[in-house]
Each structure stands twice: as structure tokens, then as C-alpha cells.
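What follows is a set of notes on a single structure, which appears directly below.
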Protein chains: 2
Amino acid sequence: MSTASERGRMPSIRDVARLAGVSHQTVSRVLNDHPSIRPETKAKVLDAISVLDYRPNLAARALVTSKSNMLGILSATVGEFGPTSSIVGIEDAAREAGYSVSTLNLSATTPEAIGQALRQLSREQVDGIVVLAPQVRVFHVLRGMAVDIPFVTLQTASGSDGVSHSADQVAGARAATEHLISLGHTDILHLAGPQDWIEAESRMRGYLEALRDADLPTFPPIRGDWTADFGFFAGEELSRRRDFTGIFVANDQMAIGLMHGFRVSGVRVPADVSVVGFDDIPVAAHVAPSLTTVHQDFTELGRRAVRILLAQIRGEAVPEFGPLQTTLRLRESSAMR
Amino acid sequence: MSTASERGRMPSIRDVARLAGVSHQTVSRVLNDHPSIRPETKAKVLDAISVLDYRPNLAARALVTSKSNMLGILSATVGEFGPTSSIVGIEDAAREAGYSVSTLNLSATTPEAIGQALRQLSREQVDGIVVLAPQVRVFHVLRGMAVDIPFVTLQTASGSDGVSHSADQVAGARAATEHLISLGHTDILHLAGPQDWIEAESRMRGYLEALRDADLPTFPPIRGDWTADFGFFAGEELSRRRDFTGIFVANDQMAIGLMHGFRVSGVRVPADVSVVGFDDIPVAAHVAPSLTTVHQDFTELGRRAVRILLAQIRGEAVPEFGPLQTTLRLRESSAMR
DNA sequence: TTGTAGGCGTTATCAC
DNA sequence: GTGATAACGCCTACAA
């Protein structure tokens with residue numbers, strides 16, 4: 001007779017069974033909380049489990065059930081503050097629900113790359129995927145692929161029909177713009193995110209809607225790339241223009257760079273121009289001047305995404321969260337005209 | 001006879017075998033690049049594979065080989081810029097080498113939590129772990145646990161004997177401090193990171209060594225928590241002290257907060273006090289005044305960690321990278337005395 | 001309530 | 001060089 005430890009193997013369900021004096025099937029039932037099992041039998045089994053320090057083999061389970069108890073994160077971001085914080089929330093919620101998390105970073109957002117990433121994730125048999133790929137393109141590819149794995153996106157594209165959850169970007173952008181209007185600004189620019197990005201579109205829409213509702217002129221938005229460096233150059237460029245007194249910037253990084261560009265060009269914030277950003281990154285409150293911006297709870301967003309995904313996986317009713325609220329944080333960079 | 005597609009299953013190695021007119025074992029050999037296989041047989045098999053769009057089942061493979069082709073990331077950070085960038089590098093390198101990545105965020109750094117996390121990762125049968133847990137405590141627990149899974153840490157504790165790789169924090173901190181000295185400062189403070197953090201210790205050591213070597217007085221470091229908010233309060237407090245003209249801050253977030261605290265307290269940077277940070281986060285170049293800081297390539301660090309880990313896993317010689325260089329970025333926040 | 005048989009898709013081991 | 005056969009550890013289905 002050879003026991004598990006003698007053979008240098010991890011204890012299996014059969015070793016537990018032998019020690020508990022039951023069949024391996026009974027052990028399996030205990031593990032899966034099968035209803036019909038006598039309490040004392042269950043106790044014996046649990047005892048044996050703890051004696052042997054037995055832990056179910058996940059691969060074996062995955063093989064036979066075709067479920068991995070693993071969620072995938074498909075991300076196409078470059079370590080920005082927002083997505084990163086969301087990932088923390090996703091992992092947290094997933095682990096809490098007993099799922100492990102496999103992350104996959106997209107280096108390119110071509111249809112091929114996306115397809116390959118999805119295939120990889122499906123090979124890993126993830127039970128569901130959280131998509132953190134804020135580009136419109138990815139969204140379209142995803143919809144066209146008819147993935148058979150449940151997935152949730154953390155961005156709501158206009159006309160989205162898939163399951164998605166996000167903070168209300170349009171409302172946030174509206175609030176930011178309306179704030180500038182309420183300060184007495186009438187000529188308000190928008191430094192937007194890249195063309196393909198969903199948030200960029202939503203934030204731009206909020207900007208446009210607010211101006212239109214107030215019967216103020218709109219300007220063609222400037223397209224940035226989210227980076228502080230771009231903001232800096234934009235600041236230098238815009239300093240030549242003096243046809244505006246307020247600017248809503250699609251994210252804080254660019255806003256901080258922009259203020260730098262203004263500074264070196266002699267444009268004073270907020271004396272000459274009021275600036276409002278978006279995201280409320282941790283340093284936003286501390287730059288000079290401190291940045292008025294739109295706060296959103298990225299971590300909570302990630303948590304909710306997992307709850308939605310799990311409901312989908314389990315075939316339960318998908319919880320109906322309203323869009324996550326954003327809040328305007330008033331700081332020094334915006335002031336009365 | 002029932003084919004895979006008829007039964008709604010994914011094609012298996014046997015389906016490929018049937019189509020190619022060989023045994024399933026031969027297919028397996030093709031998949032694993034077994035040497036002794038006739039080229040034409042191999043061709044037939046590869047053909048069948050592509051016709052069926054067959055993809056090996058990872059769970060089955062993991063079950064029988066006890067290897068998952070998966071690396072684990074054990075992280076105990078809160079979404080800071082550095083670790084986040086490293087994770088990008090880790091994932092990249094891992095996927096490139098054909099490994100998937102399972103990430104696990106530690107919410108607490110108690111020995112129990114760490115033990116649980118390691119057990120979880122080992123249950124997932126990860127082939128190796130990259131540890132991004134910069135606390136000394138975690139490091140000790142890890143060493144004491146005699147983990148049977150290869151692992152690499154991204155921080156070098158003094159007297160480390162495990163496999164680890166990191167940028168040369170001490171040298172970077174020395175350079176930062178020596179820079180202040182070279183500007184003519186003689187009274188230089190240090191705003192340090194939390195007690196338990198490895199980088200905090202290294203950076204403090206660099207500070208102390210530089211001052212000692214220059215025969216300058218050292219001050220007891222102030223312990224911060226890495227956040228900009230803490231830096232702000234520290235700035236307000238320190239503004240009451242006027243016994244120093246230079247300060248080396250252990251990370252950029254705190255440095256930016258500190259400058260804010262100085263600002264509201266009437267301390268001018270760099271006129272009254274020169275400030276140097278660490279990390280070179282993207283906004284460091286754009287805050288006002290722009291922040292002199294120490295740059296390090298976090299992403300490359302992550303990549304290297306994976307290469308080291310894979311060598312360990314495969315039993316190859318572990319590549320000997322020297323410590324990653326750091327470079328001082330000179331900006332406005334530090335100036336001649 | 002419990003046990004027995006069979007199979008999930010792959011690799012390892014032995015024949016041929 | 002190739003093919004049977006037997007695991008790997010678990011779960012589902014059916015039998016007792």
C-alpha cells in the first residue's frame with residue numbers, strides 16, 4: 001500500500017476517502033456541498049481533509065467541468081491611473097467570490113490582436129471576461145466576434161447593446177463644462193482624448209451638450225493622446241490663441257501638462273484661463289494651481305463589473321446598477337471671470 | 001460515428017488523429033515537437049489541426065504534467081505608478097514566452113494573508129511567482145516559508161539571498177542627494193517612505209551615505225506613507241522649520257504634495273528650499289515647479305524579472321543582470337544655493 | 001445516503 | 001517511427 005506522501009504526490013480525493021473510510025465520491029460530494037450527505041460522514045471527511053491538508057486540484061476540476069473558476073481581464077491600456085484602479089477592484093471582487101484572475105494586456109488593438117487575445121483567454125477556459133479596452137474599435141471587434149464567453153465592458157459606447165458598466169462620463173463632462181459656464185465663461189475650449197476612445201467621445205459629448213444647452217459657441221475640440229507631454233505642447237500652441245477663457249480637458253494628465261505649457265507661455269491659470277480636468281488623479285489636488293476636476297470611483301467600478309459578470313455566468317438576474325456617479329472637485333484652476 | 005463538431009465539443013487530440021489517420025499519441029508528439037516523427041506524418045497532422053482549428057486543452061495538459069504554463073504575480077501595492085508599470089513588463093514578457101499570468105493582490109501583508117495567497121497560487125499550479133511586495137515583512141515571511149515554487153522578487157532587501165532584481169535604489173538616492181550637495185546645500189532633510197518598505201530603506205540609506213561621505217550633518221528622516229496628501233501635511237509642518245535648504249523625498253507623489261504644502265505656507269521652491277523626488281512619474285516634468293527626480297525603468301525591470309524566473313523554472317543558468325541603472329532628471333525644483 | 005463505473009483531454013510508458 | 005494502454009484528479013450518472 002502506498003500513501004500519497006510516500007509517493008511525493010499531493011493528496012488526492014482518494015487519499016481523503018481512504019482515510020475517512022468512505023468512497024472518493026462521497027468526498028467529492030462534501031467538497032461540492034451536495035445536499036444529501038449525513039452530517040457525521042461529512043465530519044469524518046472534513047476531518048480527513050484537514051489532516052491531510054488536502055486541496056482540490058484545480059486543473060482536474062477544470063478539465064472535467066470545462067470551467068476554470070477564473071476570470072479574464074482583457075486590457076488595452078498603458079498603465080493609466082483609472083484602469084489600474086479598476087483592476088484592483090476587479091481582482092478584489094473576483095478573489096472574494098472564489099475566482100482567480102488572469103490578466104492579458106493588449107499591445108495592439110488590431111482585430112487580429114484582439115482575436116488572438118480572446119482565443120488565448122478562451123483556451124485558458126476563463127469563465128468570463130472583463131474588458132478594459134476603451135477603444136471604440138475593440139468594442140466593435142468584440143461585438144462582431146460573437147464570443148461565447150460572457151463578458152462585461154467597463155465602457156459604455158453609445159448604442160451599446162452588450163453588458164457594460166461605467167461611470168456616467170457624459171454627465172461628468174457636462175458638470176465640468178457647466179461649472180465653467182457658471183463661472184461666467186462664454187468661450188470654452190475642449191482638449192479631447194484620442195479619436196478612437198470611448199471615454200473621449202463621451203466627455204466630448206458632455207462638453208458639446210452643455211454648451212449647446214447654454215446657447216454658447218462650441219469650438220472644434222483639439223485631439224490629444226491622454227499624456228501630460230501632449231498637454232504641454234497644446235498649452236504652448238493655445239497660448240497664441242486668446243479667443244477663449246475656459247478649457248475643459250478630457251483627463252488630468254493632459255490638464256497638468258497644459259497648465260505647464262500655459263505657464264511657460266505666460267498664460268496665467270486661472271486669471272487668464274480656467275482649466276478643468278477629469279479623473280481626479282491623486283496629485284490633482286496638489287499641483288499648482290490645484291486642478292478642478294471630475295472624480296470617479298474606478299475601484300468600485302471594477303467591483304461592480306465583476307458582480308455583473310458573475311451574475312451572467314451563473315445565469316442569475318444581472319444587477320441593475322445605475323451609472324456610477326461622478327463628482328466635481330472644485331479647486332484653484334477654475335475661477336470667476 | 002460522432003465527430004466533435006456534431007457533439008458541440010471542442011475538437012480534441014483524438015479528432016485530429018482520426019482526421020489525419022494516425023493515433024492520438026502521434027498528434028501529441030507533433031504538438032510537443034518530439035524528435036522522432038516522419039516529416040510527412042507531421043505535415044498530415046498539422047494539416048488536420050488547422051482544418052479543425054484544434055487548440056490544446058490547457059487544463060488537461062496541466063492535469064497530467066502538473067504544470068500550468070502560468071506565472072503568478074503576487075503584489076502588495078496599491079496601484080502606484082512603479083509597480084503598475086512593472087506589471088505591464090511582466091505580462092508582456094510572460095505572454096511572449098508562452099505563459100499566461102495570474103495576478104493576486106494582497107490586501108493585507110500579515111503572514112496569514114501571505115500564506116493564503118501563496119497557497120492559492122500554488123493551487124493554481126503556477127510555475128513561478130513574481131513577487132511585487134515591497135515590504136520587508138513580506139520578504140521575511142517568504143523566506144521563512146520555504147516555498148517550493150520558484151520565485152523572484154522585484155526588490156532587493158539588504159542581505160537578500162533569494163533571487164531578486166531591482167533598480168539600484170541606493171545609488172539613485174545617493175545621486176539625488178549628491179546633486180543637492182553639489183548645488184551648495186549643506187542642510188538636507190529626507191522625507192522617507194514607510195518603515196517597512198524595502199525601497200524606503202534603500203533610498204534612506206543612499207541619502208545617509210551621501211551626506212556622511214560629504215561630512216555633512218544628517219537629520220532624522222521623516223516617515224511618510226508615499227501619498228501626496230501626506231507630503232502636503234509634511235510641507236506645512238516643515239515650513240515652521242527653517243534649518244534646512246534642501247530635501248530629498250522618497251517618491252514623487254509625496255514630493256508634489258510637499259511642494260504644495262510649502263506653497264501654501266509661503267516657502268518658495270527652489271528659492272528657499274530645493275526639492276528632489278524619486279520615480280519620475282509622468283507628471284513630474286509638468287508640475288510647477290517641475291520636479292527634479294530619479295528616473296527608473298519599471299517596465300524593463302518587470303521584463304527582466306520574468307527572464308530570471310523562466311531560467312529558474314527551466315533549470316537554466318540564471319542571467320546576471322547588473323542592477324538596473326537610475327538616472328537623475330534635472331528640473332526646476334532644485335537650484336543653486 | 002452512499003458506492004461504482006466511466007470519461008474529461010492530455011502526456012508517459014511501454015511495446016511493436 | 002508509431003501505436004496501444006494507462007494514468008493524471010475530478011465530476012456526472014447511475015446503481016444499490
Side-chain angles (χ1 to χ4, degrees), chain A residues 2-5 7-46 48-49 52-70 122-125 127, chain B residues 2-5 7-46 48-49 52-70 122-125 127:
Chain A
S2 75
T3 66
S5 55
R7 293 175 40 204
R9 245 187 25 211
M10 293 298 291
S12 86
I13 204 176
R14 296 181 134 81
D15 300 310
V16 176
R18 200 177 311 138
L19 182 60
V22 297
S23 83
H24 68 104
Q25 189 38 242
T26 301
V27 177
S28 172
R29 282 195 256 267
V30 170
L31 290 172
N32 296 288
D33 288 317
H34 193 89
S36 55
I37 193 150
R38 210 190 316 155
E40 61 189 67
T41 317
K42 183 169 181 174
K44 273 194 304 185
V45 171
L46 288 176
I49 285 177
L52 295 176
D53 191 32
Y54 162 83
R55 298 171 189 290
N57 179 311
L58 264 29
R61 185 175 284 177
L63 175 58
V64 70
T65 61
S66 313
K67 294 192 181 318
S68 61
N69 253 288
M70 193 161 70
S122 91
R123 255 160 57 93
E124 291 175 28
Q125 298 191 44
D127 299 334
Chain B
S2 75
T3 67
S5 55
R7 295 176 37 203
R9 248 189 21 217
M10 293 297 291
S12 86
I13 205 176
R14 298 183 133 84
D15 300 310
V16 175
R18 201 177 310 138
L19 183 61
V22 298
S23 81
H24 75 271
Q25 188 42 241
T26 301
V27 177
S28 172
R29 282 194 258 266
V30 170
L31 290 172
N32 296 286
D33 289 316
H34 193 88
S36 55
I37 193 152
R38 210 189 318 155
E40 60 189 67
T41 318
K42 183 170 182 175
K44 275 193 303 184
V45 170
L46 288 176
I49 285 177
L52 295 177
D53 192 32
Y54 161 83
R55 298 172 187 289
N57 180 311
L58 265 29
R61 186 175 281 176
L63 175 59
V64 71
T65 61
S66 317
K67 294 192 181 318
S68 61
N69 252 290
M70 194 162 69
S122 92
R123 255 161 56 95
E124 291 175 28
Q125 300 191 42
D127 300 335

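Below, chains carry the letters A, B, ... as their sequence lines are ordered, and counting in each starts from 1. Note that the structure is predicted; figures quoted are calculated from it, not measured.
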Open item on the list: Heavy atoms only, 4.0 Å cut-off, all strands: where does T41(B) land among base, sugar-phosphate and nothing?
Closed with: sugar-phosphate

Just how far, in rounded Å, is [atom2] of [N] from [atom1] of [X]?
X	N	atom1	atom2	answer
R123(A)	dG9(C)	CZ	P	15 Å
K42(A)	dT2(C)	NZ	C1'	15 Å
N57(B)	dC8(D)	CG	P	18 Å
L58(B)	dT11(C)	CG	P	10 Å
D33(B)	dG1(D)	CG	C1'	16 Å
N69(B)	dT11(C)	CG	C1'	14 Å
L52(A)	dG9(D)	CG	P	14 Å

- [ ] Sugar-phosphate means primed atoms, P, OP1 and OP2; the rest is base. With that split, encode nucleotides 11-16 of chain D 5' to 3' as B, S or - using protein heavy atoms under 4.0 Å.
- [x] BBB---

TODO: With sequence neighbours excluded, tell me which residues meet side-chain contact (heavy atoms from CB on, under 4.5 Å) with S66(A).
DONE: Q125(A)

Open item on the list: Holding to side-chain contact (heavy atoms from CB on, under 4.5 Å), I want the full list of residues that pass it with V64(A), two or more places apart in sequence or in another chain.
Closed with: none

- [ ] Could you list the residues that satisfy side-chain hydrogen bond (donor to acceptor under 3.5 Å, both in side chains) with R123(B), not counting sequence neighbours?
- [x] none

- [ ] Apply side-chain hydrogen bond (donor to acceptor under 3.5 Å, both in side chains) to R14(B) and list each qualifying residue two or more places apart in sequence or on a separate chain.
- [x] none

- [ ] State which residues pass salt bridge (Lys or Arg N to Asp or Glu O under 4.0 Å) with R55(A); sequence neighbours excluded, sorted by chain then number.
- [x] D53(A)

Task: For the student: nearest non-hydrogen atoms of Y54(A) and I13(A), plus distance - done: CE1-N, 3.6 Å

Task: L63(B) vs S23(A), nearer the 5' end of DNA chain C by closest nucleotide - done: S23(A)

- [ ] Look at T26(B) and dG3(D) and indicate whether a side-chain polar atom (N or O) is within less than 4.0 Å of OP1 or OP2.
- [x] yes

